[in-house]
Amino acid sequence: MKKYILFVGSFCIGYVVLEILSGLILTMFYTPSMSLKNDTVLPSQVEFGSINIFPSLIISLLALAIAFGTTKLFKKVVS
């Protein structure tokens, strides 16, 4: 039972940390486009970007690898 709790806990922590780091990096490298059609009128709709599942899949797989490695490392240290 301890092994499953360790796996789930390390997966959750790894996922949250990777999501925060990904958000920080994406925010740091974001450059907004300042092209407006009219200089006097601001656009009435705001674009927030598109949803892409691929980065979330990569982060999930990295978190899974971290959780698996943590579980294996913990098993090796305890034995």
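For reference, positions follow the sequence shown, starting with 1. All values derive from a computational prediction rather than experimental measurement.
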Exercise. If you round to the nearest 0.5 Å, how far is CG of Leu57 from CG of Leu64?
Worked result: 10.5 Å
Seminar exercise, completed: Of all heavy-atom pairs linking Ala63 and Leu18, the shortest is N-CD1, 3.7 Å
Problem set entry | Shared hydrophobic cluster for Leu6 and Val78 (ILVMFWY, side-chain gaps under 4.5 Å) | yes
Exercise. Which of these passes side chain to side chain contact (heavy atoms under 4.5 Å, CB included) with Ser22: Ile59, Thr27, Ile58, Val17?
Worked result: Ile59
Exercise. With a cut-off of 6.0 Å (strictly less than), are more than 12 heavy atoms of other residues, nucleotides or ligands near CZ of Phe7?
Worked result: yes
Exercise. For Phe11 and Ser60, which heavy atoms make the closest approach, and how far apart are they?
Worked result: CE1-O, 3.7 Å
Exercise. Any chain of hydrophobic side-chain contacts (each under 4.5 Å) joining Tyr15 to Phe54?
Worked result: yes
